[in-house]
Student: 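Let me begin by handing over the structure; questions about it come next.
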Amino acid sequence: KVERHFKSEEVPQESNEPVKVVVGNNFENIVLNSGKDVMLQIYAPWCGYCKSLAPIYQELAEKMQDDESIIIAKMDGTTNESPVPNFTWDAFPSIYYIKAGEETPQKYQGKRTVDAMLA
């Protein structure tokens, strides 16, 4: 079996940070196989919109931290790729909601405020 090659940073050490860090090599474990719903932000470090979203996304993650049914996560889309063919992005930031047990992401199109993302 030939492994598909995709970009990935090193898998980060486990942390108790509210926003979990996803990279290509732990994408499937966290996003698809965790048994939890996942809200995933794909960002670029140089993106101004991403920088302005960061404190909002952090606040969202802090508010959701005690909810065991969801993971709030982020992935640098410039240094990581998805190992799943149907999971792609073409703009930064892109936010996706992936229901537990599903592989098809739903693009989040709502307002980028804590209250809107909590709804």
Side-chain angles (χ1 to χ4, degrees):
K1 178 180 176 186
V2 175
E3 292 291 320
R4 185 171 100 74
H5 179 74
F6 55 90
K7 290 192 298 187
S8 179
E9 294 176 283
E10 291 293 316
V11 174
Q13 291 187 337
E14 285 291 316
S15 80
N16 290 327
E17 289 296 315
V19 179
K20 302 300 176 206
V21 176
V22 174
V23 298
N25 286 333
N26 70 1
F27 183 94
E28 290 182 273
N29 286 345
I30 294 176
V31 177
L32 303 179
N33 300 328
S34 68
K36 300 179 181 185
D37 294 346
V38 177
M39 183 170 261
L40 177 65
Q41 177 197 171
I42 310 294
Y43 72 95
W46 45 259
C47 165
Y49 292 114
C50 299
K51 290 176 185 176
S52 63
L53 179 62
I56 296 165
Y57 204 69
Q58 179 71 26
E59 184 181 341
L60 171 72
E62 289 168 4
K63 288 187 179 218
M64 300 296 292
Q65 195 168 15
D66 294 332
D67 186 336
E68 292 292 320
S69 69
I70 189 166
I71 296 171
I72 306 297
K74 66 180 180 179
M75 182 168 84
D76 182 339
T78 65
T79 55
N80 296 282
E81 293 175 329
S82 165
V84 181
N86 68 341
F87 202 112
T88 60
W89 53 90
D90 56 11
F92 301 114
S94 290
I95 301 173
Y96 294 95
Y97 185 75
I98 305 94
K99 289 190 72 61
E102 295 185 10
E103 288 194 9
T104 304
Q106 300 169 10
K107 189 161 187 173
Y108 175 77
Q109 304 283 12
K111 288 186 178 179
R112 297 191 175 179
T113 65
V114 173
D115 289 341
M117 289 190 276
L118 281 171

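Heavy atoms only: backbone and side chains are in, while hydrogens, waters and symmetry mates are out.
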Student: Could you walk me through whether F92 and L53 pass the side-chain contact (heavy atoms from CB on, under 4.5 Å) check?
Tutor: CA-CA 11 Å; F92 301 114; L53 179 62; over 6 Å; no
Student: Can you give me the closest heavy-atom contact between I71 and S34, atom names plus distance?
Tutor: CD1-OG, 3.7 Å
Student: Using side-chain contact (heavy atoms from CB on, under 4.5 Å), reason through F87 and I98 one step at a time and then give a plain yes or no.
Tutor: CA-CA 10 Å; F87 202 112; I98 305 94; 3.9 Å; yes
Student: Can you list the steps and then say if Q65 with I72 is a side-chain contact (heavy atoms from CB on, under 4.5 Å)?
Tutor: CA-CA 8 Å; Q65 195 168 15; I72 306 297; over 6 Å; no
Student: Is there a continuous path of hydrophobic side-chain contacts, each under 4.5 Å between heavy atoms, that joins M39 to V21?
Tutor: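 No, because M39 and V21 fall into different hydrophobic clusters, even though each may have its own neighbours under 4.5 Å.
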Student: Whether the side chain of D37 engages the backbone of A100 through a donor-acceptor N/O pair (distance < 3.5 Å, no angle test) should be reported.
Tutor: yes
Student: A quick test of your reading: do over 12 heavy atoms of other residues, nucleotides or ligands sit less than 6.0 Å from CG of D66?
Tutor: no
Student: Evaluate whether atom NZ of K111 has more than 12 neighbouring non-hydrogen atoms of other residues, nucleotides or ligands under 6.0 angstrom away.
Tutor: no
Student: Is it the case that atom NZ in K36 sees more than 12 heavy atoms from other parts of the structure closer than 6.0 Å?
Tutor: yes
Student: side-chain contact (heavy atoms from CB on, under 4.5 Å), that's the test. Do V84 and V31 meet it? Break it down for me.
Tutor: CA-CA 11 Å; V84 181; V31 177; over 6 Å; no
Student: To the nearest 0.5 Å, tell me how far R112 CZ sits from L60 CG.
Tutor: 12.5 Å
Student: So, taking the atom named CD1 in I42 and the one named NZ in K74, what distance separates them when rounded to the nearest 0.5 Å?
Tutor: 12.0 Å
Student: If every non-hydrogen atom of K51 is compared with every non-hydrogen atom of P45, which pair is closest and at what distance?
Tutor: CE-O, 3.0 Å
Student: Quick check for you: to the nearest 0.5 Å, what is the distance between D76 atom CG and T79 atom OG1?
Tutor: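 One finds 3.5 Å between CG of D76 and OG1 of T79.
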Student: Side chains of E9 and N80: is there a donor and an acceptor less than 3.5 Å apart?
Tutor: yes
Student: According to a hydrophobic-cluster definition based on side-chain heavy atoms being under 4.5 Å apart (Ile, Leu, Val, Met, Phe, Trp, Tyr only), do Y108 and M75 belong together?
Tutor: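 As far as the 4.5 Å side-chain criterion goes, M75 and Y108 are not connected within one cluster.
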Student: Is the Y57-Y43 ring centre distance short of 6.0 angstrom?
Tutor: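 Y57 vs Y43: aromatic centres not under 6.0 Å.
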Student: Are V19 and I56 connected, step by step, through hydrophobic side chains (Ile, Leu, Val, Met, Phe, Trp, Tyr) whose heavy atoms are closer than 4.5 Å?
Tutor: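 They do share one cluster, since a chain of ILVMFWY contacts under 4.5 Å joins V19 to I56.
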Student: Give the minimum heavy-atom separation between A73 and V22, together with the two atoms involved.
Tutor: CB-CG2, 3.7 Å
Student: Side-chain heavy atoms nearer than 4.5 Å, only ILVMFWY residues, links allowed to pass through others: does that put I95 and W89 together?
Tutor: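 In one cluster with I95: W89, no.
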Student: Of all the heavy-atom pairs spanning S82 and F6, show the shortest one and how long it is.
Tutor: O-CB, 4.5 Å
Student: Considering all heavy atoms of both residues, which atom of C47 and which atom of C50 are nearest to each other, and what is their separation?
Tutor: SG-SG, 2.8 Å
Student: For residues T78 and W46, report the shortest heavy-atom separation together with the two atoms involved.
Tutor: CG2-NE1, 3.7 Å
Student: Between the main-chain N or O of V38 and the side-chain N or O of Y96, is there a donor-acceptor pair closer than 3.5 Å?
Tutor: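 No, Y96 side chain to V38 backbone: no donor-acceptor pair under 3.5 Å.
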Student: Please check this pair: side chain of E81 against backbone of K7, looking for a donor-acceptor N/O pair closer than 3.5 Å.
Tutor: yes
Student: Give a yes or no on whether Y97 and M117 share a hydrophobic cluster (residues Ile, Leu, Val, Met, Phe, Trp, Tyr; joining criterion: side-chain heavy atoms under 4.5 Å apart).
Tutor: yes
